[in-house]
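Remarks on the structure that follows.
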Amino acid sequence: MPWYDDGLQFECTVCGRCCGGGSGYVWVTQDDIGAMAKHLGLVPLVFEQAFVWTVRGHKRSLKEYPNGDCVMLSEKSRGCKVYEQRPVQCRTWPFWEQNTDIPASWKITAKFCPGCNRGRLYSAAEIEERRQQF
Ligand code: SF4
Ligand code: SF4
């Protein structure tokens with residue numbers, strides 16, 4: 001039985017912290033690219049050329065602005081321009097394995113992300129599903 005058997009709360013406050021303000025990777029799959037491209041009315045190749053870069057020769061990540069903001073983060077609203085079709089990495093946050101393996105990891109995650117421990121209660125099954133996706 002996982003330590004989060006009673007579920008965990010999460011509701012994004014749209015603070016934009018996990019999407020910008022520092023360098024990082026937003027890993028994308030071909031499915032992610034296709035979905036985001038469609039959302040923006042672009043063909044996948046054009047989307048990829050404009051917004052994706054290849055890391056260490058094989059992994060692909062969304063580009064970022066010089067200030068560390070993800071290229072899909074709106075400077076004005078601080079919201080995601082492809083929210084409905086955001087990559088799996090973003091959709092499964094904060095329930096990544098590394099954030100939920102032990103209570104201490106979740107506490108560290110909650111210090112970074114103000115959406116943790118508030119709002120909607122996610123069941124253990126929902127958390128497990130997200131852990132397995134990313
Ligand atoms: S850090 Fe948390 S609350 Fe802030 S935008 Fe990211 S998910 Fe939402
Ligand atoms: S794709 Fe959207 S949700 Fe994901 S990091 Fe970029 S702005 Fe944030």
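Atoms within each ligand, like the ligands themselves, are counted from 1 in listed order.
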Under 4.0 Å from one or more heavy atoms of T13, ligand 1 contributes atoms 3 (S), 8 (Fe)
Using only heavy-atom distances, determine whether the side chains of R91 and Q133 contain a donor-acceptor pair under 3.5 Å. no
Cation-aromatic face contact R120/Y122, 6.0 Å, 45 degrees: yes
Can you confirm whether W3 sits close enough to W106 that some side-chain heavy atom of one is under 4.5 Å from a side-chain heavy atom of the other? yes
At distances under 2.8 Å, what protein N, O or S atoms surround atom 6 (Fe) of ligand 2? C70 SG
Same cluster or not: I127 versus I108, using hydrophobic residues (I, L, V, M, F, W, Y) connected whenever any side-chain heavy atoms lie under 4.5 Å apart? no
Verify the cluster assignment for V14 and F10: are they in a single hydrophobic cluster under the rule of side-chain heavy atoms below 4.5 Å apart? no
In ligand 1, which numbered atoms sit nearer than 4.0 Å to a non-hydrogen atom of G16? 4 (Fe), 5 (S)
Decide whether W96 and T92 meet the rule of one side-chain donor and one side-chain acceptor closer than 3.5 Å. yes
Which residues, ordered by chain and number, are linked to V43 in its hydrophobic cluster, where ILVMFWY side chains connect at heavy-atom gaps below 4.5 Å, directly or through other members? V26, V28, I33, M36, L40, L42, V46, F47, F51, V52, L62, Y65, V71, M72, V82
Point-to-point distance, once rounded to the nearest 0.5 Å, from CG of L121 to CD of E126: 8.0 Å
Need the ligand 1 atom indices (1-based, order shown) with element for anything under 4.0 Å from a heavy-atom of G115. 3 (S)
State plainly whether the residues R118 and E11 are in salt-bridge range, i.e. N to O under 4.0 Å. yes
Short list, please: which atoms of ligand 1 are under 4.0 Å from a heavy atom of W93? 2 (Fe), 7 (S)
Is K81 close to S74 at the side-chain level, that is, under 4.5 Å between some pair of heavy atoms? yes
Out of all atoms in ligand 1, which are within 4.0 Å of some heavy atom of C113? Include the element for each. 1 (S), 2 (Fe), 3 (S), 7 (S)
C18 heavy atoms within 4.0 Å reach ligand 1 at atoms 1 (S), 5 (S), 6 (Fe), 7 (S)
Quick one: nearest non-hydrogen protein atom to atom 4 (Fe) of ligand 1, plus distance? C15 SG, 2.3 Å
I need the nearest protein heavy-atom contact for atom 8 (Fe) of ligand 1: residue, atom name and distance, please. C12 SG, 2.3 Å
